[in-house]
Amino acid sequence: MTDGDGEWALPEDTEDVRAALVEWYEADHRSFPWRETTDPYEILVSEVMSQQTQLSRVEDAWHAFLDQWPTTTDLAAAERGEVVGFWSDHSLGYNNRAKYLHEAAQQVESDYDGEFPDTPEELSELMGVGPYTANAVASFAFDNGDAVVDTNVKRVLYRVFGVPDDDAAFEAAANDLMPEGESRVWNNAVMELGGVACGKSPDCDAAGCPWREWCDAYQTGDFTAPDVPTQPDFEGSRRQFRGRVVRALSEHGELALDELGPRIRVDYAPDGSYGRDWLRGLLDDLADDGMVEVADGSGSTVARLQE
DNA sequence: ATCCAGAATC
DNA sequence: GATTCTGGAT
């Protein structure tokens with residue numbers, strides 16, 4: 001066995017464990033608009049927006065996005081720059097995800113004749129759709145997914161059943177636990193538990209956690225959670241300046257280097273250490289990522305969002 | 001200060 | 001394995 005494998009097993013009375021959670025979820029849970037649709041496109045948009053972004057900040061953006069591009073046909077026909085601009089305007093971060101979503105819509109149009117596939121395997125072929133999102137869309141749209149494994153699920157399995165901090169172990173445990181053919185309610189319920197009862201600072205009694213009687217952590221009082229990778233500081237980071245570039249180009253359409261520079265850094269000086277060369281480096285990276293186009297004219301260089 | 005329904009690319 | 005983005009809540 002590899003390092004980190006401890007003694008662990010799911011309870012014998014699995015059916016009771018399952019029933020307790022589903023009953024708890026169905027009695028009361030948070031209301032999100034994407035829980036009231038089974039449209040795979042609407043579900044996908046909510047899932048992509050939710051990656052690394054707090055749910056409370058996704059709701060308005062989700063409504064606005066679907067208002068602007070109601071179907072994959074509409075989104076596929078949009079220009080990439082419009083979609084990236086929307087992402088930036090709504091402060092959704094990681095605007096590569098806007099590019100992926102746009103491309104996924106084009107794949108659905110071209111590869112699937114506008115109709116979403118309904119298996120996790122096929123959904124995984126869409127750009128920006130990994131294991132988590134494939135199972136989420138398959139579950140919430142078609143009730144046809146495997147267990148989702150995200151940081152919430154890992155934290156719950158780690159605390160309640162002592163599943164070791166290992167991706168393969170989490171996936172196996174999550175699927176063992178999930179009742180066959182009930183992925184929609186089950187995956188909603190598990191993530192609801194991780195969100196309202198078993199967050200970083202747990203709230204077992206107040207939230208009426210249905211798994212207290214089976215929970216290792218509740219018995220021992222040790223609510224340690226798996227390590228989450230720590231992020232580098234955002235303030236002053238390259239990411240921050242990339243984000244400002246995208247926002248400025250979305251707002252103004254097209255800008256020359258020396259018009260753009262001062263909007264990115266107040267200390268921009270064309271020949272300074274943060275000047276044209278530095279800015280050009282940022283723009284070339286963004287161009288490689290498919291976000292920005294840089295055009296060298298005679299004497300002046302201009303940048304704009306791609307397409 | 002740290003965290004948040006991940007995934008692709010190099 | 002490191003990088004990509006944002007701001008409100010805690």
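Just so we're on the same page: letters track the sequence lines, and every chain starts at 1. Everything numeric here is computed off the predicted structure, so don't read it as measured data.
Counting non-hydrogen atoms under 4.0 angstrom, A/P131 reaches the backbone sugars and phosphates but no base. Contact annotation for A/V129: backbone-only contact, meaning every heavy-atom pair under 4.0 Å involves sugar-phosphate atoms and none involves a base. A/Q231 comes within contact range of at least one nucleobase, with a heavy-atom separation under 4.0 Å.
Taking A/E42 as the reference, A/T37 meet the side chain to side chain donor-acceptor pair (under 3.5 Å) condition, with sequence neighbours excluded. The salt bridge (Lys or Arg N to Asp or Glu O under 4.0 Å) test applied to A/E15 returns A/R18, not counting sequence neighbours. Taking A/D296 as the reference, A/R280 meet the salt bridge (Lys or Arg N to Asp or Glu O under 4.0 Å) condition, with sequence neighbours excluded. Residues passing the salt bridge (Lys or Arg N to Asp or Glu O under 4.0 Å) test with A/D143, sequence neighbours excluded: none. Partners of A/S139 according to the side chain to side chain donor-acceptor pair (under 3.5 Å) rule, which considers only residues two or more places apart in sequence or in another chain, are A/S183, A/N187. A/W24 meets the ring-ring contact (aromatic ring centres under 6.0 Å, His included) test with no other residue; sequence neighbours excluded.
Contacts between residues 44-70 of chain A and DNA chain C, defined by a heavy-atom separation below 4.0 Å, involve A/Q54, A/R57, listed by number. For the contact set between residues 279-287 of chain A and DNA chain B, defined by any heavy atom under 4.0 Å, there are no members. DNA chain B lies under 4.0 Å from no heavy atom of any residue of residues 17-33 of chain A.
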Name each donor-acceptor pair under 3.5 Å that joins a side chain in residues 259-266 of chain A to protein atoms two or more places apart or in another chain, with its distance.
residue, atom, partner, partner atom, Å
A/E259, OE1, A/A256, N, 2.9
A/R265, NE, A/D267, OD1, 2.8
A/R265, NH2, A/D267, OD2, 3.2

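Comparing atom distances between the A/V228 side chain and each of C/dT6, B/dA5, B/dC3 picks out B/dC3 as nearest. Side-chain atoms of A/T230 lie closest to B/dC3 of the nucleotides B/dC3, C/dT6, B/dA5.
A salt bridge links A/D167 to A/K154: at least one charged side-chain nitrogen sits closer than 4.0 Å to a carboxylate oxygen. Ion pairing of A/R238 with A/D285 is present here, as a side-chain N (NZ or NE/NH1/NH2) and a carboxylate O approach within less than 4.0 Å.
With both ends at atom P, the span from B/dA5 to C/dA9 equals 15 Å, rounded to whole Å.
What separates CZ of A/F241 from C1' of C/dT6 is a distance of 15 Å, to the nearest Å.
Within the structure, salt bridge (Lys or Arg N to Asp or Glu O under 4.0 Å) pairs that include any residue of residues 47-75 of chain A do not occur (at least two apart or interchain).
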Dot-bracket for DNA chain B: what is it, with Watson-Crick or G-U pairs under 3.5 Å, [ ] where a pair crosses earlier ones, and | for a pair to another strand? ||||..||||
